[in-house]
**Student:** 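Here it is: the structure, laid out below.
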Amino acid sequence: DTAVSQTPKYLVTQMGNDKSIKCEQNLGHDTMYWYKQDSKKFLKIMFSYNNKELIINETVPNRFSPKSPDKAHLNLHINSLELGDSAVYFCASSQYPGDGNTIYFGEGSWLTVV
Amino acid sequence: GENVEQHPSTLSVQEGDSAVIKCTYSDSASNYFPWYKQELGKGPQLIIDIRSNVGEKKDQRIAVTLNKTAKHFSLHITETQPEDSAVYFCAAGGSGNTPLVFGKGTRLSVIA
């Protein structure tokens, strides 16, 4: 069983398009995250939700809009894609936010904007 | 906020040798220090973690040490094998609701 699963794994799209990445976790965790990993492998948090409520919103363009329909799902919608959005996006979850709770990552979604 | 520095950025070792990766952190309130391994094309996976009430933890060939006074922690891999080749990330956090802050990663290559 995949604990944190995200789709699609690969996505190639043109500039200006709108795309979504879906994420689901079956660990029963309360907290979910989106991380961005650039070409240099830097892992940077974008958003965090706890029980469907946004608790962390880092400096991310408002073209990125997360949506959490329930605590097992956290989807990422990106409007008006730009070349600089090309990266690997990781969904993750933890039992609770912060406080030393282990974060479990999905396999990543490779986004290429051409 | 927390800032985590990780060194070296790349590391090559001969199979069977040891590898050491070091991290420093800035927030003295941090009390949780995990290490993640990311293989090519996959997401980061937790390999070992340590909390601030412990100075050292070992799991087979992997060990982590923590010096809270100096605010640094290290990952030690002994008897390295080619399958240890990956990118390794340290992280620090655990203070309230603030998320983990990750180091910039170390690309470890084990040469057979």
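Reminder, nothing fancy here: chain letters follow the sequence lines and each chain counts from 1.
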**Student:** Is the NZ atom of B:K42 crowded by more than 12 outside heavy atoms at less than 6.0 Å?
**Tutor:** no
**Student:** Are B:L11 and B:I48 connected in the hydrophobic side-chain network, where two residues link if heavy atoms are under 4.5 Å apart?
**Tutor:** yes
**Student:** NZ of B:K22: more than 12 outside heavy atoms within 6.0 angstrom?
**Tutor:** no
**Student:** Are more than 12 heavy atoms, taken from residues, nucleotides or ligands other than A:L83, located less than 6.0 Å from that residue's CG atom?
**Tutor:** yes
**Student:** Consider only side-chain heavy atoms of I, L, V, M, F, W and Y, link residues closer than 4.5 Å, and tell whether B:I50 and B:I47 are in one cluster.
**Tutor:** yes
**Student:** For the atom pair OG (B:S9) and NZ (A:K41), what is the distance rounded to the nearest 0.5 Å?
**Tutor:** 14.0 Å
**Student:** If hydrophobic clusters are built by linking Ile, Leu, Val, Met, Phe, Trp and Tyr wherever their side-chain heavy atoms come under 4.5 Å apart, do A:M32 and A:V88 end up in the same one?
**Tutor:** no
**Student:** In the structure I gave you, are the side-chain heavy atoms of A:Q37 and B:F102 within less than 4.5 Å of one another anywhere?
**Tutor:** no
**Student:** B:Y32 and A:T102: side chain to side chain contact (heavy atoms under 4.5 Å, CB included), yes or no, with the steps?
**Tutor:** CA-CA 9 Å; B:Y32 177 60; A:T102 298; 2.9 Å; yes
**Student:** Same cluster or not: are B:F89 and B:I77 linked, directly or through other Ile, Leu, Val, Met, Phe, Trp or Tyr residues, by side-chain heavy atoms under 4.5 angstrom apart?
**Tutor:** no
**Student:** Are more than 12 heavy atoms from other residues, nucleotides or ligands located less than 6.0 Å from atom CD of B:E83?
**Tutor:** yes
**Student:** If you look at every heavy atom in A:F90 and B:G43, which pair is closest and at what distance?
**Tutor:** CE2-CA, 3.3 Å
**Student:** Using the rule that Ile, Leu, Val, Met, Phe, Trp and Tyr join whenever any side-chain heavy atoms are under 4.5 Å apart, tell me whether A:V60 and A:L76 fall into a single cluster.
**Tutor:** yes
**Student:** Under a 4.5 Å heavy-atom cut-off, does chain A meet the side chain of B:L100, its backbone, both or neither?
**Tutor:** both
**Student:** Could you tell me which residues in residues 43-53 of chain A have at least one non-hydrogen atom under 4.5 Å from a non-hydrogen atom of chain B, sorted by residue number?
**Tutor:** A:L43, A:I45
**Student:** Below 4.5 Å, heavy-atom pairs only: which of B:G105, B:P99, B:G103 has the largest tally toward chain A?
**Tutor:** B:P99
**Student:** For atom CD of B:E15, decide whether the heavy atoms of other residues, nucleotides or ligands shown that lie under 6.0 angstrom number more than 12.
**Tutor:** yes
**Student:** As an exercise, state the distance from CD of A:E107 to CD of B:E39, rounded to the nearest 0.5 Å.
**Tutor:** 9.5 Å
**Student:** Identify the two heavy atoms, one from A:I103 and one from B:Y36, that lie closest to each other, and give their separation to 0.1 Å.
**Tutor:** O-OH, 2.6 Å
